[in-house]
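Written below as structure tokens is the structure these notes are about.
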Amino acid sequence: MTEQLRNLLILLAAIVIILILIILLFSGKSPFRRFLSIFLEEQNDEDSIVPARGSVPRSGASIRQKSGTPQEASQKRTSEPIVEMATLIRKSDDRLRIIESTGQVKFVDEYYELVFVTRKGQKLKIECSAEAYEKVPFNQQGSLTYKRNMLVKFKYYEDTVYN
């Protein structure tokens, strides 16, 4: 084996090793690629939407149905309050009512949720207190302020409701 042929084989082996490293580091599911995508990913305005209770936020834009209409989207993980114009379309609560033999009624594990629709047509599921749940009126457009999925305040023409 001549020296030139040996150098050519070493060069080809080095190229193969470099190509394998590139494939491993930059494949779609590699940890290096996920780490790198944090710095290369652009942020959209649609990243500030609240997810449903118990769901895991996804990175990216809003989730779309096959018809192309927005269904629900995930909210950007931020601790700053977000303000949007929205209208209340649904209220839901989940609570356990315990009635003692003395006639005393006690509520346990109370959970109150308000569902708003924004001007863009996106649905926001917002958790709130019992007082805010009772006070926020249906079909009233106003300024909704929330942090993550918790209500901060809802300001409409006649009043302001705080959580």
Side-chain angles (χ1 to χ4, degrees), residues 1-96 109-129 132-133 136 139 141-156 161-163:
M1 187 189 293
T2 65
E3 189 176 331
Q4 291 176 340
L5 185 59
R6 195 181 82 192
N7 288 342
L8 180 64
L9 289 175
I10 292 172
L11 182 64
L12 288 175
I15 290 172
V16 168
I17 291 172
I18 289 173
L19 288 175
I20 290 173
L21 282 173
I22 288 173
I23 290 171
L24 290 175
L25 288 177
F26 293 102
S27 69
K29 294 185 179 181
S30 74
F32 179 76
R33 175 72 184 255
R34 282 188 235 134
F35 177 75
L36 190 62
S37 71
I38 292 171
F39 298 106
L40 299 177
E41 189 174 275
E42 291 184 16
Q43 299 295 327
N44 296 332
D45 289 340
E46 296 175 347
D47 289 342
S48 60
I49 308 302
V50 176
R53 179 183 180 200
S55 67
V56 178
R58 294 176 34 153
S59 62
S62 65
I63 303 166
R64 298 208 179 259
Q65 296 173 339
K66 291 181 181 179
S67 63
T69 60
Q71 180 185 9
E72 287 183 23
S74 61
Q75 177 183 346
K76 185 171 134 181
R77 291 198 174 252
T78 178
S79 60
E80 300 170 4
I82 298 171
V83 181
E84 290 195 43
M85 293 301 290
T87 305
L88 179 68
I89 58 170
R90 184 173 61 218
K91 294 181 179 183
S92 63
D93 61 27
D94 184 19
R95 53 192 166 180
L96 176 62
D109 296 331
E110 296 178 80
Y111 176 78
Y112 299 94
E113 184 178 78
L114 303 172
V115 179
F116 291 90
V117 64
T118 65
R119 286 183 175 175
K120 295 178 183 177
Q122 297 166 329
K123 290 183 181 178
L124 302 175
K125 294 183 178 181
I126 307 292
E127 188 176 339
C128 67
S129 65
Y133 179 83
V136 176
N139 301 320
Q141 185 173 17
S143 173
L144 172 67
T145 305
Y146 61 96
K147 184 187 268 190
R148 302 245 170 132
N149 68 337
M150 288 295 296
L151 177 72
V152 175
K153 72 176 178 178
F154 181 69
K155 184 177 183 178
Y156 57 101
V161 178
Y162 294 94
N163 197 21

Exercise. How close do Leu151 and Ile126 get, heavy atom to heavy atom, and via which atoms?
Worked result: N-CG2, 3.3 Å

Problem set entry | Any donor-acceptor N/O pair, Asn163 side chain to Ser129 backbone, under 3.5 Å | yes

Seminar exercise, completed: Tightest non-hydrogen contact, residues Ser92 and Tyr133, listed as O-CE1, 3.5 Å

Exercise. Is it true that a side-chain atom of Lys123 and a backbone atom of Ile89 form a donor plus acceptor pair closer than 3.5 Å?
Worked result: no

For this session: Taking ring pair (Phe, Tyr, Trp, His ring centres under 6.0 Å) as the test, write out the residues that go with Phe154, two or more places apart.
Result: Phe116, Tyr156

Exercise. Roughly how far, to the nearest 0.5 Å, is CG of Leu114 from CG of Asn149?
Worked result: 11.5 Å

Problem set entry | 4.5 Å side-chain heavy-atom contact, Glu84 and Lys120 | no

For this session: Quick one: pull up CG in Asp94 and CD in Glu110 and give me the separation to the nearest 0.5 Å.
Result: 10.0 Å

Exercise. Regarding Tyr146 and Glu127, is there a side-chain donor-to-acceptor distance under 3.5 Å anywhere?
Worked result: no

Seminar exercise, completed: Contacts of Arg90 meeting side-chain contact (heavy atoms from CB on, under 4.5 Å) (sequence neighbours excluded), chain-then-number -> Val115, Lys125

Exercise. Which distance, rounded to the nearest 0.5 Å, do you find between the CD of Gln141 and the CG of Leu88?
Worked result: 12.0 Å

For this session: Applying side-chain contact (heavy atoms from CB on, under 4.5 Å), name anything that partners Ile23, two or more places apart in sequence or on another chain.
Result: none

Exercise. Can you name the closest pair of heavy atoms from Val83 and Ser143 and give their distance?
Worked result: CG1-OG, 3.3 Å

Problem set entry | Evaluation steps, side-chain contact (heavy atoms from CB on, under 4.5 Å), between Lys91 and Tyr112 | CA-CA 8 Å; Lys91 294 181 179 183; Tyr112 299 94; over 6 Å; no

For this session: Answer yes or no: does atom CG of Asp109 have more than 12 heavy-atom neighbours from other residues, nucleotides or ligands under 6.0 Å?
Result: no

For this session: May I ask you to test the Asn7-Glu3 pair for a side-chain heavy-atom distance under 4.5 Å?
Result: yes

